Amino acid sequence: MTPMPPMTPDGMGEDTTRSGIAASGSSSVYELFRSRALAQPHSVAMLVGEQSLDYAELLNRVDRLAGVLNAEGVGYGDRIAMFSENRMEYIELHLAAARMGAIVACQNWRLTAEEIRHCVNLVEPRILVYSPRYAQLVKELALSQLPNLQLGDDYEARLETTFVVTGASDVHWESGLLILYTSGTTGPAKAALISQRALVARQTVLSLDLRIDREDGFLAWSPMFHIGGSEHSLSTLMMGGTVYITDGFEPDRMADIIARYKLGWLLLVPAMTDRLKAAMIASGSVVRGIKAVGSMPDLVPTTTIAELSTLFDAPFFNTFGATETGLPPASGDLIGIGVTPQRLSKTLSSMCALRIVGSDGKEVAPGAVGEAHVRGPTVFSGYWGAPEVNKEVFSDGWFNMGDLFRRNEDGSFDFVGRSKYLIKSGGENIYPAEIENLLLSDAAIADAVVVRKKSDRWGEVPVVFVARVGDQLQEEDVRALCEKGLASYKMPREIHFLAFEDIPRNSNGKIVREKLEQWLTHPKEAPASGSGG
């Protein structure tokens, strides 16, 4: 995982001159943040409740923290394991690591103890940083044997007594900065290494495709062990905006921020929309200004898309990205305010190339389904400690996302599903997303998940789990809806109803289809709400 040396053309003179030329064409996350701090020292950088830090204060704390870490023996390429809820110090650590060329491994505290132990051991951290909230977890996992720094009084005392490191940073932008763990529904979580180059490029895409600038703040409610928390906070600080931090999903506090401050992208996921909407209505909050709302509309009923864009007076963000790629490859489109979309086709993101590749390794024709292969400066630097996996997903200079798409004649793309989750029925491929999108177009359906079930006759058949809005929707209604939009071989053979909150999800909020399959074969393990069908 050592960074690649800068490449320079021949005929440019001595090596020192050539390396200097190459260095002048790159910039680190820390340098871009520092340049904003020097240009606008008294602008608010971060706000938590009524506590704020301006850019000058934040720069000072970051430089002191770099001194603390250096005194603990942290150097270039070393990993720092971080356990914490959302707070200012989380971002301070990112920026200090960016200055030093160190890497922050953001630990997902929602995982089981065994999963967390795997994630920590995988990256072999030099030091552990944690908040008081997770002190007991650190103790139980026997991680306190590592050099450690606890946020709070100890942290503040160390900052106060540490010499401030001044001057510019000299870190190559291919250096890793973040390790974020991808969901492990079919195996242990993988550690995705995201470089400073990728983070700078992702900030650029955010500006290009959403027209976000330093006047637009970011509401950081998503856990900072996700890209939605850490990556977009860093993007905002590199641009000179304000990061408004909440301790996770706090509807009332978030409604207040939405009413008081201008925001760029308000990231929303399906499980939180109803509660935030209720908080907005109850408080009478009026939206101050939002440029885009939502995320991946394929997971949201189309009527809800129209409702939310109207409520927040902002277009709905038609996204498709990943931890490994950022907003690319297909987040270049907005759904208009109040529009109930008839299709959810994606537009290519900026700074990205996308190929749709068939099983023969060649690009497929428009209308055919293939795997999404991506290249561009936002792509991550591989999975830490997983050379065989990296060999599998990187080929010929492209990253294989493992997602299936269809390229349309007009140049847009339709998401079809995960390549590793296909339903093969009687020789035909059935893609769950196609059935789910059809069902989510009905306002009476809060969510729908299609899974496979073994069949002696067909090999596999599709089965659907439906979360209703109210209790009026019946099995025959779902079947009638499917008959209108699906070929006969794609028709769900069984329909089960369950409560929205009973849909099994992993720590990243993704649906665990394998759990639903398990309920089909062991119905007594399913929640009571899942017994209908």
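This structure is a prediction, so every number in the text was calculated from the model and none was measured.
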Partner set under side-chain contact (heavy atoms from CB on, under 4.5 Å) for [X], not counting sequence neighbours:
X: E50; answer: R260
X: A81; answer: Q107, P125, L128
X: T246; answer: L219, W221, E250, R253, M254, I257
X: A56; answer: P41, D54

Can you list the residues that meet the salt bridge (Lys or Arg N to Asp or Glu O under 4.0 Å) rule with R513, with sequence neighbours excluded?
E436

Indicate yes or no: does [X] engage [Y] in a salt bridge with an N to O separation below 4.0 Å.
X: R505; Y: D447; value: yes
X: D403; Y: R418; value: yes
X: R375; Y: D396; value: no
X: R34; Y: E31; value: no
X: K291; Y: D213; value: yes

What closest approach, in Å, do [X] and [Y] show between heavy atoms, and which atom pair accounts for it?
X: Y30; Y: Q196; result: N-OE1, 4.1 Å
X: A292; Y: L210; result: CB-CD2, 3.9 Å
X: F413; Y: L348; result: CE1-CB, 4.3 Å
X: V120; Y: L143; result: CG1-CD2, 3.9 Å
X: A255; Y: L276; result: N-CD1, 4.2 Å
X: I290; Y: A314; result: O-CB, 3.4 Å

Check for a donor-acceptor pair, side chain of [X] on one end and backbone N or O of [Y] on the other, with a separation under 3.5 Å.
X: R64; Y: L159; value: yes
X: T242; Y: V44; value: yes
X: S419; Y: L404; value: no
X: D209; Y: S350; value: yes
X: R126; Y: D78; value: no
X: S52; Y: L47; value: no
X: H226; Y: G228; value: no

If you define the side chain from C-beta out and look only at heavy atoms, does anything of [X] sit under 4.5 Å from [Y]?
X: R110; Y: P223; answer: yes
X: R197; Y: S381; answer: yes
X: W398; Y: L354; answer: no
X: F317; Y: L268; answer: no
X: C119; Y: N108; answer: no

Listing request: all ring-ring contact (aromatic ring centres under 6.0 Å, His included) pairs with a residue in residues 78-97, at least two apart in sequence or in separate chains.
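Every pair satisfying ring-ring contact (aromatic ring centres under 6.0 Å, His included) with a residue in residues 78-97: Y90-H94.
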
May I have all residue pairs that pass ring-ring contact (aromatic ring centres under 6.0 Å, His included) and include part of residues 125-154, sequence neighbours excluded?
W109-Y134

Qualifying salt bridge (charged side-chain N to carboxylate O under 4.0 Å, His left out) pairs, either residue in residues 225-248, two or more places apart
R133-D247, R202-E231

Residue pairs involving residues 152-165 (criterion salt bridge (charged side-chain N to carboxylate O under 4.0 Å, His left out); sequence neighbours excluded):
R61-E156, E72-R158

Residues in side chain to side chain donor-acceptor pair (under 3.5 Å) contact with R288, at least two apart in sequence or another chain:
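Partners of R288 under the side chain to side chain donor-acceptor pair (under 3.5 Å) test: none.
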
Suppose we screen for ring-ring contact (aromatic ring centres under 6.0 Å, His included). Which residues come up paired with F415, at least two apart in sequence or across chains?
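Residues passing ring-ring contact (aromatic ring centres under 6.0 Å, His included) with F415: F320, F405.
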
Stepwise side-chain contact (heavy atoms from CB on, under 4.5 Å) check, Y76 with V171
CA-CA 9 Å; Y76 193 94; V171 173; 4.1 Å; yes

Within residues 323-335 or reaching into it, pairs that qualify as side-chain hydrogen bond (donor to acceptor under 3.5 Å, both in side chains) - sequence neighbours excluded:
N318-D333, E324-Y383

